[in-house]
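Down below is the structure, laid out as structure tokens.
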Amino acid sequence: MHDKLFHTPVSLTVGLGFKREITSLAEMHDFLTNWTTSRRGPLYRNAVKACDLAVPGYVTIEQARRALIEFAQAAGILWPELEPVVGVHAVARGHGGYAA
């Protein structure tokens, strides 16, 4: 399972807005195994099944990746395609001359 890499990683929001990249079936399996039991639903089960079927090659790695993306979208944890931008700019007054 460890050598079955995704062509493109799937970026997920975890914790308090931290980014986690899932790059392989092994990482997908680990992530799904540790997913909160109370938030498991049909798309979660579909992603687990796709992951399990991709290991022996019954479905493609891309199909498993797509199932993970569909689950992540429904769960609201898919990292946005455009990276959030945090800017700092100088201000005329304030503490230290900068505002977030």
Side-chain angles (χ1 to χ4, degrees):
M1 185 182 309
H2 296 285
D3 60 341
K4 301 208 179 209
L5 300 174
F6 295 152
H7 184 265
T8 305
V10 177
S11 300
L12 307 175
T13 302
V14 295
L16 298 171
F18 293 98
K19 180 179 180 180
R20 177 174 176 186
E21 289 196 342
I22 307 297
T23 61
S24 68
L25 289 178
E27 289 180 7
M28 178 178 172
H29 182 268
D30 179 59
F31 178 80
L32 292 171
T33 299
N34 292 310
W35 183 250
T36 306
T37 306
S38 64
R39 294 190 62 201
R40 295 179 182 184
L43 290 175
Y44 167 83
R45 289 188 291 278
N46 188 42
V48 170
K49 185 175 181 180
C51 184
D52 291 342
L53 291 173
V55 173
Y58 295 122
V59 300
T60 67
I61 294 170
E62 184 56 32
Q63 288 171 311
R65 180 183 173 277
R66 187 73 217 152
L68 176 62
I69 291 170
E70 289 172 3
F71 161 69
Q73 284 175 329
I77 60 168
L78 189 63
W79 191 263
E81 298 238 354
L82 296 174
E83 295 283 334
V85 177
V86 177
V88 176
H89 61 278
V91 295
R93 61 181 183 270
H95 303 298
Y98 292 95

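On a predicted model such as this, the values are computed, not experimentally measured, just so you know.
The CD1 atom of I69 sits 8.5 Å away from atom OG1 of T8, with the distance rounded to the nearest 0.5 Å. Remark: M28 CE to I61 CD1 distance equals 11.0 Å, nearest 0.5 Å. The distance from atom CD1 of I22 to atom NE2 of H29, rounded to the nearest 0.5 Å, is 12.5 Å. Considering CD of E27 and CG of L68, their distance stands at 10.5 Å, rounded to 0.5 Å. Separating the OH atom in Y58 from the CG atom in D52 is a distance of 12.0 Å, to the nearest 0.5 Å. If you take OG on S24 and CG on L5, they are separated by 6.0 Å, rounding to the nearest 0.5 Å.
In this structure, L32 and R40 approach most closely via the heavy-atom pair O-NH2, 3.8 Å.
Hydrophobic clustering (side-chain heavy atoms under 4.5 Å, transitive across Ile, Leu, Val, Met, Phe, Trp, Tyr) groups L25 together with L43. Both L78 and F71 are assigned to one and the same hydrophobic cluster, defined by single-linkage of ILVMFWY side chains at heavy-atom distances under 4.5 Å.
The backbone N or O of Y44 lies less than 3.5 Å from no partner atom in the side chain of R39, so there is not a single donor-acceptor pair. Between the D30 side chain and the A26 main chain, no donor and acceptor come within less than 3.5 Å of each other. No donor-acceptor pair closer than 3.5 Å links the side chain of R20 to the backbone N or O of T13. For R65 (side chain) and V10 (main-chain N/O), no donor-acceptor pair under 3.5 Å exists by modelled atom type. Side chain of K19 to backbone of W79: no donor-acceptor contact under 3.5 angstrom is found.
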Test side-chain contact (heavy atoms from CB on, under 4.5 Å) applied to V48 and W35, step by step: CA-CA 11 Å; V48 170; W35 183 250; over 6 Å; no
